[in-house]
**Student:** 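I have a structure here, written as structure tokens, and I will follow up with some questions on it.
Here is how names work: the chains are called A, B, and so on, in the same order as the sequence lines, proteins then strands, and each is numbered from 1.
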Amino acid sequence: MSVRVRFAPSPTGFLHIGSLRTALYNYLFAKHHGGTCILRIEDTDRTRFVEGAIEEQISSLAWAGVTFDEGPHVGGNHGPYTQSERFDMYREYGMKLVVNGTAYYAFDTAEELDAMRVRQQAAGIAPKYDRSAMRNQYTLGEQETQRLLSENAPHVIRLKVPLHQDVRFSDEIRGEVIVNGREIDDQILLKSDGFPTYHLANVVDDHFMEITHVIRAEEWLPSTPKHIILYQAFGWEPPTFAHVPLLLNPDRSKMSKRHGDVMVRDFAKKGFFPEALVNFVALCGWNPGSDNEFYSMQELIDTFTLDRVNKAGAVFDYQKLNWMNGEYLKRRDVHDLARELHPVLVERGYTYIDPAYVAEVIELVRERVAFLGDIAEFADYLFGDTLEPLTETGAASLSGNDTLTTALDTFRQGLDAASLADADAFKGLAQRAAESAGIKMGAFMKPLRLVLTHREVGADLFRTVQLLGHTRCLARLNAYLSR
RNA sequence: GCACCGUUCGUCUAGGGGUUAGGACACCGCUCUUUCACAGCGGUAACACGGGUUCAAUUCCCGUACGGUGUACCA
């Protein structure tokens with residue numbers, strides 16, 4: 001049987017980085033096995049629906065390179081792929097369970113349920129639907145139940161959990177999991193608004209969409225026994241489950257907004273390369289058993305297996321992600337990068353943005369920054385005519401030093417006299433200028449950089465001079481010397 | 001509280017009955033290009049604890065501790 005997996009987000013907002021990883025693992029697993037990766041929208045909670053969320057999530061996924069073979073946006077022959085469009089199915093299958101005695105009607109109000117939980121907490125017992133004391137099919141009797149139903153009294157359908165039975169399943173990542181039936185709540189399957197809960201919809205859909213492997217976040221592990229019971233109640237074969245570990249905050253709680261960016265769109269906006277993010281996130285909780293840390297999507301597909309997914313949650317290390325992005329910056333094709341950087345340079349109003357020139361600048365400085373966008377800022381003196389003002393300490397280090405001024409002036413005259421073209425020639429010129437003024441080369445380079453770029457750090461100085469060219473160097477030297 | 005899941009350097013991880021417990025990020029140091037960086041080299045740093053099993057346990061088993069998740073008419 002061919003592998004079929006699904007990623008099933010709910011349209012409640014932007015795509016979370018943890019969701020991206022779950023989607024990625026599904027995608028990698030499917031592609032590794034030549035299977036099918038399906039997108040399903042779980043929009044059964046009408047109160048949390050966010051307009052545009054589906055489109056945003058799909059585009060975030062596509063940005064990262066995760067695409068789907070079936071889904072609301074691409075079709076497929078197991079649709080519809082949006083749960084709200086499958087509304088009738090859930091009612092139908094929920095009713096089948098009522099008929100076969102594995103689910104039942106309940107009429108409790110929210111207040112009654114709250115009161116029940118308060119009572120249970122006060123008594124020190126686990127909050128759980130009390131089938132024998134609440135208002136339901138069993139306590140009310142068939143007649144009263146039918147009467148309430150005929151009156152259209154608000155009601156839900158609950159799963160009748162077998163109390164004296166261990167529920168067991170084998171998780172691909174965690175192994176055998178066994179839970180006693182008495183620990184499992186009589187979960188609501190159909191809400192009073194007629195919509196299914198996640199639990200029912202998920203099981204019905206996974207069955208009819210012929211899902212073979214459910215790869216989802218660990219937070220679903222505690223409710224999996226309910227799903228197993230549902231499969232049993234329907235007489236269906238459950239899929240294989242694999243619960244992947246959570247992405248964590250530095251304090252080891254579930255990764256959330258409080259500690260930094262968590263939405264995929266935020267990472268994109270910050271300038272992360274999708275390849276770097278995917279590479280990094282794939283390695284958070286999985287690794288192929290090799291020291292290599294760099295994987296293209298195809299290499300991930302080739303090497304991904306569930307048995308190498310870790311059990312423990314992984315703290316999301318932003319610092320290491322930055323490093324990885326820098327590595328991609330160093331490896332990417334400079335001309336592609338120049339093209340990508342172009343709009344930023346235009347926006348900043350720079351004049352020296354010829355593609356070939358920009359590529360040279362990128363080549364020169366990219367090993368010093370982690371983001372492509374940083375280059376515009378880092379090397380602004382190479383893209384524009386005007387310099388940012390000197391810092392106070394920079395200005396102070398230049399002032400009141402006549403020999404330095406002499407050396408700078410000598411360097412300027414040398415530039416003026418000859419048309420030098422390569423970095424070594426500029427270096428020779430600088431050496432002679434320093435020597436004739438009687439200062440060390442080392443003492444000359446820093447001020448020279450300062451005058452030419454108004455920065456204390458930067459790429460190789462003489463390559464910088466070369467890229468700047470005679471005109472701009474002269475202009476800057478003159479501006480300083482005649483201040 | 002109860003249930004489930006987890007625990008190798010600060011972080012991501014490799015490993016696995018007998019290893020100098022490996023790599024990466026971060027951090028520190030050194031070297032180098034007569035500058036700042038980059039790079040290269042080196043360093044600090046881990047098997048949560050207690051019992052078993054075994055000739056031998058970080059590795060297997062059981063507890064404990066700690067942490068996480070779940071405990072909704074949310075997903």
**Student:** When we call it a touch if two heavy atoms are under 4.0 Å apart, what does A:Ile178 touch: a base, just sugar-phosphate, or nothing?
**Tutor:**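 If one applies the 4.0 Å heavy-atom cut-off, A:Ile178 turns out to touch the sugar-phosphate alone, with no base involved.
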**Student:** Given B:U7, B:G22, B:U11, which nucleotide is nearest the side-chain atoms of A:Asp317?
**Tutor:**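 From the listed options, B:U11 comes nearest.
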**Student:** Suppose you measure atom P in B:A56 against the same atom in B:U31; what distance do you get, rounded to whole Å?
**Tutor:**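 Their P atoms lie roughly 50 Å apart.
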**Student:** Kindly say whether A:Asp205 contributes a backbone atom to a donor-acceptor pair with the side chain of A:Arg86 at under 3.5 angstrom?
**Tutor:**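 It does not hold such a pair.
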**Student:** For A:Arg449 and B:U35, what is the distance between atoms CZ and P respectively, to the nearest whole Å?
**Tutor:**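 Checked: the CZ to P distance equals 11 Å.
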**Student:** Given B:G6, B:A3, B:G68, identify the nucleotide with an atom nearest to the side chain of A:Val179.
**Tutor:**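 For A:Val179, the side-chain atoms sit closest to B:A3.
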**Student:** Rounding to a whole Å, what distance do you find between A:Glu183:CD and B:A3:P?
**Tutor:**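 For the pair A:Glu183 CD and B:A3 P, the rounded distance is 6 Å.
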**Student:** With both distances kept under 3.5 Å, what pairs with B:G67, Watson-Crick or G-U wobble?
**Tutor:**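 Across any shown strand, B:G67 pairs with B:C5.
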**Student:** Nearest to the A:Met441 side chain among B:C25, B:C38, B:U34, which nucleotide is it?
**Tutor:**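 Of all the options, the side chain of A:Met441 is nearest to B:U34.
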**Student:** For B:C73, give the paired nucleotide (Watson-Crick: N1-N3 plus N6-O4 or O6-N4; G-U: N1-O2 and O6-N3; both under 3.5 Å), or none.
**Tutor:**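 B:C73 is unpaired by these criteria.
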**Student:** Send over the distance from A:Lys311 NZ to B:U8 C1', rounded to a whole Å.
**Tutor:**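 Taking NZ of A:Lys311 and C1' of B:U8, I get 14 Å after rounding.
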**Student:** Could you give the CG-to-C1' distance, from A:Leu283 to B:C12, as a whole number of Å?
**Tutor:**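 The answer, rounded to whole Å, is 8 Å.
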**Student:** Taking the P atom of each, how far is B:G67 from B:A48, in whole Å?
**Tutor:**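 One P to the other, the span is 16 Å.
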**Student:** Quick one: does NZ or CZ of A:Arg40 land under 6.0 Å from the six-membered ring centre of A:Phe7, within 45 degrees of the ring axis?
**Tutor:**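 No, A:Arg40 and A:Phe7 do not form such a contact.
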**Student:** Hey, can you pull the donor-acceptor pairs under 3.5 Å for the side chains in residues 278-287 of chain A, sequence neighbours left out?
**Tutor:**
from     : atom 1 : to       : atom 2 : distance (Å)
A:Asn279 : OD1    : A:Tyr295 : N      : 2.9
A:Asn279 : OD1    : A:Tyr328 : OH     : 2.5
A:Asn279 : ND2    : A:Glu293 : O      : 3.0
A:Trp286 : NE1    : A:Thr305 : O      : 3.4
A:Asn287 : OD1    : A:Gly289 : N      : 2.5

**Student:** What is the separation between atom CG on A:Asp460 and atom P on B:C38, rounded to the nearest whole Å?
**Tutor:**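 It works out to 14 Å between those atoms.
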**Student:** If you check the A:Leu246 side chain, which of B:C12, B:C38, B:G68 turns out closest?
**Tutor:**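 Among the listed nucleotides, the one closest to the side chain of A:Leu246 is B:G68.
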**Student:** Cation-pi check for A:Tyr105 against A:Arg158: NZ or CZ below 6.0 Å from the six-membered ring centre and within 45 degrees of the axis, yes or no?
**Tutor:**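 Output no; distance or angle outside limits.
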**Student:** What is the separation between atom CZ on A:Arg455 and atom P on B:A37, rounded to the nearest whole Å?
**Tutor:**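 Going from A:Arg455 (CZ) to B:A37 (P), I get 16 Å.
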**Student:** Starting at CD of A:Glu327 and ending at P of B:C38, how long is that distance when rounded to a whole Å?
**Tutor:**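 Those two atoms, CD and P, are 12 Å apart.
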**Student:** Which residues pass the side-chain contact (heavy atoms from CB on, under 4.5 Å) test with A:Asp193, not counting sequence neighbours?
**Tutor:**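 Applying side-chain contact (heavy atoms from CB on, under 4.5 Å) to A:Asp193 gives A:Arg46, A:Lys191, A:Phe195.
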**Student:** Using a 6.0 Å distance limit plus a 45 degree cone around the ring axis, check whether A:Arg331 lies over the aromatic ring of A:Phe294.
**Tutor:**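 Judged by the rule (NZ or CZ under 6.0 Å from the ring centre, within 45° of its axis), A:Arg331 counts as positioned above A:Phe294.
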**Student:** P atom, B:C49 versus B:A39: distance in rounded Å?
**Tutor:**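 It works out to 36 Å between them.
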**Student:** Would you mind pulling out the nucleotide paired to B:C41, Watson-Crick or G-U wobble, both distances under 3.5 Å?
**Tutor:**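 In the structure as shown, B:C41 has B:G29 as its Watson-Crick or wobble partner.
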**Student:** Any base atoms under 4.0 Å from A:Arg308, or only sugar-phosphate, or nothing? Heavy atoms, all strands.
**Tutor:**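 If one applies the 4.0 Å heavy-atom cut-off, A:Arg308 turns out to touch the sugar-phosphate alone, with no base involved.
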**Student:** List the protein contact pattern of nucleotides 70-75 of chain B with one symbol per nucleotide (5' to 3'): B for base contact, S for sugar-phosphate-only contact, - for none; contact means a heavy-atom distance under 4.0 Å.
**Tutor:** SSSBBB
**Student:** Taking the six-membered ring where the residue is Trp, are the ring centres of A:Tyr93 and A:Phe208 under 6.0 Å apart?
**Tutor:**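 A:Tyr93 vs A:Phe208: aromatic centres under 6.0 Å.
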**Student:** Nearest to the side chain of A:Lys427 - B:C25, B:U69, B:U34?
**Tutor:**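 Taking heavy atoms from C-beta onward, the closest nucleotide is B:U34.
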**Student:** If we call it a pair only when both distances are under 3.5 Å in a Watson-Crick or G-U wobble match, what pairs with B:C60?
**Tutor:**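 B:G52 is the nucleotide pairing with B:C60.
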**Student:** Look at the side chain of A:Arg174 and decide which nucleotide, out of B:A39, B:C5, B:A24, has an atom nearest to it.
**Tutor:**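 Closest of the options to the side chain of A:Arg174: B:C5.
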**Student:** For B:A26 and B:C12, measure between their P atoms and round to the nearest Å.
**Tutor:**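 It comes out at 15 Å once rounded to the nearest Å.
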**Student:** Provide, to the nearest angstrom, the distance between the CZ atom belonging to A:Arg463 and the C1' atom belonging to B:A37.
**Tutor:**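 Rounded to whole Å, this separation is 16 Å.
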**Student:** Any carboxylate oxygen within less than 4.0 angstrom of a Lys/Arg side-chain nitrogen, looking at A:Lys311 and A:Glu218?
**Tutor:**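 No.
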**Student:** Does A:Gly285 reach a base, just sugar-phosphate, or nothing at all? Heavy atoms under 4.0 Å.
**Tutor:**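 Contact class for A:Gly285: sugar-phosphate only.
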